[in-house]
Amino acid sequence: MSTKETFIQFINDGFTSKGESILLGAAMLDGEALGETQVKIPLKTLNRHGLIAGATGTGKTKTIQVLSEQLSSFGIPVLMMDIKGDFSGIAKPGEEKPFITERHSKINIPYAISAFPVELMTLSTQDGVRMRATVSEFGPVLFSRILNLNEVQAGVMSVIFKYCDDNKMPILDLKDIKKVLNYITEEGKEEIAENYGKISTATTGTILRNIIGLEQQGGDFFFGEKSFEIDDLMRIDENGKGYVNILRLTDIQDKPMLFSTFMLSLLAEIYHQMPEKGDVEQPELVIFIDEAHLIFDEASKVLLDQIETIIKLIRSKGVGVYFVTQNPMDIPKGVLAQLGLKIQHALRAFTANDRQAIKQTADNYPTSDYYKTDEILTSLGIGEALVTALNEKGIPTPLAATMLRAPESRMDILVDSEIAEINANSKLVKKYSEELDRESAYEILNKKIEDANKQAEEATPTEEEKQESKEPSTASVVGKSVLKVVTSASFIRGAFGILMKMFRK
């Protein structure tokens with residue numbers, strides 16, 4: 001048997017799947033795509049998370065598009081964090097072009113064009129489905145980790161949440177938490193000290209500054225109501241296709257704290273709300289996080305530990321999380337170790353550091369008798385990638401240099417009128433466009449302070465009352481005058497009586 005025939009059998013045996021699977025493309029040997037091979041990813045392993053990496057311009061976005069299309073076709077909803085804003089074309093059918101026809105003839109996969117159901121979402125002022133969460137939903141532990149608080153400061157945050165819970169004061173947005181912080185160090189410090197212990201103003205000052213930092217990155221727009229409901233990410237359209245939910249993040253690239261806050265809250269909410277699934281035939285939801293380094297660059301160690309913990313646990317809920325970045329070294333080792341699927345596009349070696357990074361990347365992939373991994377990483381073309389996954393038994397597949405299939409949808413962005421059309425027809429845009437501001441800690445504490453001030457004013461005597469208390473009343477003056485007159489008359493009578501007695505003698 002020739003090397004080529006051995007390779008074909010090796011790949012097909014390694015990527016065999018009894019259940020449903022996603023077909024990515026055909027394996028390559030010596031730069032040639034072999035249409036007899038099929039690089040497939042079993043649906044039941046897609047909750048084991050993954051990585052799509054590679055230099056700019058190597059085809060990562062199109063790979064995510066292909067994955068999202070096939071997931072949608074199987075009725076699996078997708079959430080795509082679109083940092084660059086170049087993913088929205090999945091809502092419209094593609095166009096067959098000569099280079100696509102040629103590629104698909106090489107990999108022996110029929111090509112068809114198709115559009116997929118899309119919801120456009122936003123964390124900011126862009127048009128689309130508004131995604132919000134309340135501070136109360138985070139809870140004191142998670143909110144403290146987002147603010148990077150130390151143990152003492154986190155303890156104060158727990159007291160704040162307990163005080164608000166005891167007094168039935170919802171903490172919905174950042175103005176609520178700021179108001180509580182001001183209250184417990186000013187008007188309410190005696191009440192807090194009596195019931196919860198003394199709190200240092202230096203500690204509350206540090207917490208307040210961290211909240212202001214989050215607020216300046218757009219947190220004031222994110223925190224509030226109406227809170228986004230996780231079930232709205234799980235929708236299927238009338239044709240049985242899963243919705244591709246595109247969170248447009250083009251305007252928060254310079255706000256990594258907000259991005260980290262949102263991602264952690266979303267993953268935590270999904271983990272707490274979704275029931276345990278165990279091993280399932282296909283995932284309930286797949287999340288793609290583009291430019292994933294933005295989550296980790298500004299994250300504290302405590303926050304990274306929290307993300308790592310949730311990534312470990314969330315797969316049992318039937319959720320797969322896929323990180324998209326230029327270099328796999330952007331992902332913390334603890335998270336990287338949790339990833340079952342790895343799709344590595346080409347890397348560029350311009351400097352000694354680049355070459356070192358390529359060597360480290362190659363060490364993260366299975367060894368192969370057919371490839372020198374560190375060399376092939378720099379020679380892959382656009383739309384080609386090294387692929388390794390888990391088979392249905394959870395065993396890593398062989399490493400396969402793969403020529404990937406082309407997306408069936410448009411490989412370009414939507415124009416403004418098309419975006420407006422999607423939003424106009426969206427039920428979720430209507431549902432979450434209403435901005436609520438019900439009575440919460442801010443309003444309750446303001447009223448409490450106002451009532452206390454009013455009572456204090458009523459208890460304080462007016463200037464007239466003070467003056468009256470100093471000046472004697474008319475009755476008092478008359479009484480004293482009468483007393484003097486009576487006293488004087490008695491004295492005269494007494495003296496006159498004594499004189500009369502003397503004369504008689």
Side-chain angles (χ1 to χ4, degrees), residues 17-22 41-50 67-68 70-81 117 119 121 129 131-143 145-146 161 165 225-247 261-289 295 303 305-323 334-335 337-341 389-390 392-394 427-428 431-432:
S17 177
K18 294 181 179 178
E20 298 285 7
S21 60
I22 284 177
I41 314 299
L43 287 186
K44 70 179 300 179
T45 67
L46 287 176
N47 65 334
R48 301 298 183 91
H49 314 314
L67 289 168
S68 298
Q70 294 197 56
L71 288 166
S72 175
S73 296
F74 281 110
I76 302 169
V78 169
L79 174 61
M80 169 62 186
M81 312 287 176
E119 285 285 0
M121 300 180 166
V129 181
M131 300 190 80
R132 300 186 191 89
T134 66
V135 176
S136 292
E137 287 169 340
F138 274 66
V141 175
L142 190 54
F143 195 66
R145 288 176 178 175
I146 286 162
F161 273 73
D165 189 49
E225 292 185 308
K226 192 173 190 178
S227 294
F228 189 82
E229 298 171 10
I230 297 303
D231 287 345
D232 285 329
L233 292 175
M234 313 294 181
R235 297 163 62 227
I236 310 296
D237 78 350
E238 64 277 6
N239 298 314
K241 289 183 177 180
Y243 266 86
V244 179
N245 303 287
I246 302 174
L247 181 57
T261 298
F262 167 72
M263 271 311 308
L264 189 53
S265 70
L266 179 70
L267 293 175
E269 194 74 8
I270 289 172
Y271 174 71
H272 289 300
Q273 287 197 21
M274 292 184 67
E276 287 286 336
K277 294 289 183 180
D279 288 328
V280 290
E281 291 304 311
Q282 64 180 47
E284 297 290 310
L285 175 70
V286 172
I287 302 172
F288 292 97
I289 306 173
I295 293 180
L303 190 57
D305 290 344
Q306 182 74 17
I307 293 173
E308 184 179 333
T309 299
I310 291 178
I311 292 297
K312 286 179 181 178
L313 299 174
I314 203 171
R315 68 185 184 190
S316 66
K317 308 286 186 167
V319 178
V321 181
Y322 289 76
F323 298 95
V335 174
Q338 306 298 318
L339 310 181
L341 171 64
L390 298 176
E392 290 171 323
K393 296 179 180 179
K427 294 179 180 178
L428 296 189
K431 178 178 178 178
Y432 292 104

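In this text the structure is predicted, and so the values were computed from the model without any measurement. Here, residue 1 is the first one in the sequence, and each next residue gets the next number.
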Checklist line | Distance in Å, N47 CG paired with T45 OG1, rounded so as to fall on 0.5 Å steps | finding: 7.5 Å
Margin query: Heavy-atom count check: over 12 atoms from other residues, nucleotides or ligands less than 6.0 Å from K431 NZ?
Written below: yes
Next item on the list: Take L43 and I22 through the test side-chain contact (heavy atoms from CB on, under 4.5 Å) and record every step on the way to the result.
Entry: CA-CA 7 Å; L43 287 186; I22 284 177; 3.9 Å; yes
Show the atom names and distances, to 0.1 Å, of all donor-acceptor pairs under 3.5 Å that link a side chain in residues 131-138 to residues at least two apart or in another chain.
residue: R132; atom: NH1; partner: Y432; partner atom: O; Å: 3.4
residue: T134; atom: OG1; partner: E137; partner atom: N; Å: 3.2
residue: T134; atom: OG1; partner: E137; partner atom: OE1; Å: 3.4
residue: S136; atom: OG; partner: I171; partner atom: N; Å: 3.1
residue: S136; atom: OG; partner: I171; partner atom: O; Å: 2.8
residue: E137; atom: OE1; partner: T134; partner atom: N; Å: 2.9
residue: E137; atom: OE1; partner: S227; partner atom: OG; Å: 3.1
residue: E137; atom: OE2; partner: S227; partner atom: OG; Å: 3.0

Next item on the list: Indicate yes or no: at least one non-hydrogen side-chain atom of V244 is less than 4.5 angstrom from one of L71.
Entry: no
Next item on the list: To the nearest 0.5 angstrom, please state how far the NE2 atom of H272 sits from the CG atom of L313.
Entry: 9.5 Å
Note to self: I need the R48 CZ to L390 CG distance, nearest 0.5 Å.
What the structure shows: 6.5 Å
Check: Is it true that a side-chain atom of N239 and a backbone atom of K241 form a donor plus acceptor pair closer than 3.5 Å?
Finding: no
Next item on the list: List in chain and number order the residues that pass salt bridge (Lys or Arg N to Asp or Glu O under 4.0 Å) with K317, two or more places apart in sequence or in another chain; answer none if no residue qualifies.
Entry: E276
Checklist line | Rounded distance (nearest 0.5 Å) linking atom OH of Y322 with atom CD1 of I287 | finding: 11.0 Å
Checklist line | Interatomic spacing from NZ in K277 to CD in E284 - rounded to 0.5 Å | finding: 4.0 Å
Notebook entry, point to check: Checking side-chain contact (heavy atoms from CB on, under 4.5 Å) for the pair F228/L266: CA distance, chi angles, key distance, verdict?
Noted result: CA-CA 9 Å; F228 189 82; L266 179 70; 5.5 Å; no
Could you list the donor-acceptor pairs under 3.5 angstrom formed between side-chain atoms of residues 72-79 and any protein atom two or more places apart in sequence or on another chain?
residue: S72; atom: OG; partner: G242; partner atom: O; Å: 2.6
residue: S73; atom: OG; partner: E69; partner atom: O; Å: 3.0

Margin query: Could you go through M234 and L285, starting from their C-alpha distance and side-chain angles, then the distance that decides it, and tell me whether this counts as side-chain contact (heavy atoms from CB on, under 4.5 Å)?
Written below: CA-CA 7 Å; M234 313 294 181; L285 175 70; 3.9 Å; yes
